[in-house]
Amino acid sequence: MIQEDFEQHVVKLQNALLGFAKSLTHNEDEAKDLLQETSLKALSNKAMYDDSGSIKSWLYTIMRNLFLNCRRHSSRQEALPIDFEIPDTDDVQSGIEGEDSFSTTDVQRIMDLLSIDNRILFGLP
């Protein structure tokens, strides 16, 4: 398939892809973002498309994989607890030339809020 034909097929399938994206995300803005990412990935990886298969199936597979990867990534991120409070600047010791520094106790308290997996990033047990 020549480049122009490929791009035309991708453009023609935008409405169908948007519908599929909406069914995955249940959110209009996220669906549009997913459609944009899918189109970009498809166009940049055109050489990987096998002409013997359906371009629509190939695009749906790209979209589904992007969606699943995004969900996996977001499920790994943990939010701070609701009762987490950032220390007042009055309680923080002043550093050199006005830079703020935290006491060891403050740092330890914040680090204790991290999961074991996130502590590994900082080299903590």
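Starting from 1, each residue takes its place in the sequence as its number. Note that the structure is predicted; figures quoted are calculated from it, not measured.
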Q | Neighbour count >12 (heavy atoms, 6.0 Å) for atom CG, Asn15 | A |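 Result for CG/Asn15: open.
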
Q | Heavy atoms from other residues, nucleotides or ligands near CD of Gln14 exceed 12 (cutoff 6.0 Å) | A |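 Atom CD in Gln14 is crowded, with more than 12 foreign heavy atoms closer than 6.0 Å.
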
Q. Are a donor atom and an acceptor atom from the side chains of Asp50 and Ser52 found within less than 3.5 Å of each other?
A.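 There is such a pair (donor and acceptor under 3.5 Å, judged by atom type) between the side chains of Asp50 and Ser52.
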
Could you tell me the separation between the [atom1] atom of [X] and the [atom2] atom of [Y], rounded to the nearest 0.5 Å?
X	Y	atom1	atom2	result
Ile55	Lys46	CD1	NZ	8.5 Å
Leu13	Gln8	CG	CD	12.0 Å
Lys12	Leu17	NZ	CG	13.5 Å
Asp33	Leu66	CG	CG	11.5 Å
Ile62	Ser57	CD1	OG	11.0 Å

Minimum heavy-atom separation for [X] and [Y], please, with both atom names.
X	Y	result
Leu34	Ala21	CD2-CB, 4.0 Å
Leu24	Arg64	CD1-CA, 4.4 Å
Glu7	Leu43	CG-CD2, 3.8 Å
Ala42	Leu59	CB-CD2, 3.3 Å

Q: Examine distances only and state if a side-chain atom of Tyr49 and a backbone atom of Trp58 form a donor-acceptor pair shorter than 3.5 Å.
A: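 Looks like no, no N/O pair under 3.5 Å.
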
Q. Short question: side chain of Ser44, backbone of Lys41 - any donor-acceptor pair under 3.5 Å?
A.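 Looks like yes, one N/O pair under 3.5 Å.
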
Q) Hey, any chance Leu68 and Met63 share a hydrophobic cluster, counting ILVMFWY side chains that come within less than 4.5 Å of each other, even indirectly? A)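 Per the 4.5 Å side-chain linkage, Leu68 and Met63 are co-clustered.
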
(Q) Do Leu40 and Glu37 make a side-chain contact, defined as non-hydrogen atoms from C-beta onward lying under 4.5 Å apart? (A)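 They are not in side-chain contact.
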
Q: Please test Thr38 against Tyr60 for side-chain contact (heavy atoms from CB on, under 4.5 Å), starting from the C-alpha separation and ending with a verdict.
A: CA-CA 9 Å; Thr38 301; Tyr60 274 47; over 6 Å; no

Q | N-O pairing of Lys32 and Glu28 below 4.0 Å | A |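 Looking at Lys32 and Glu28, the cut-off is met.
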
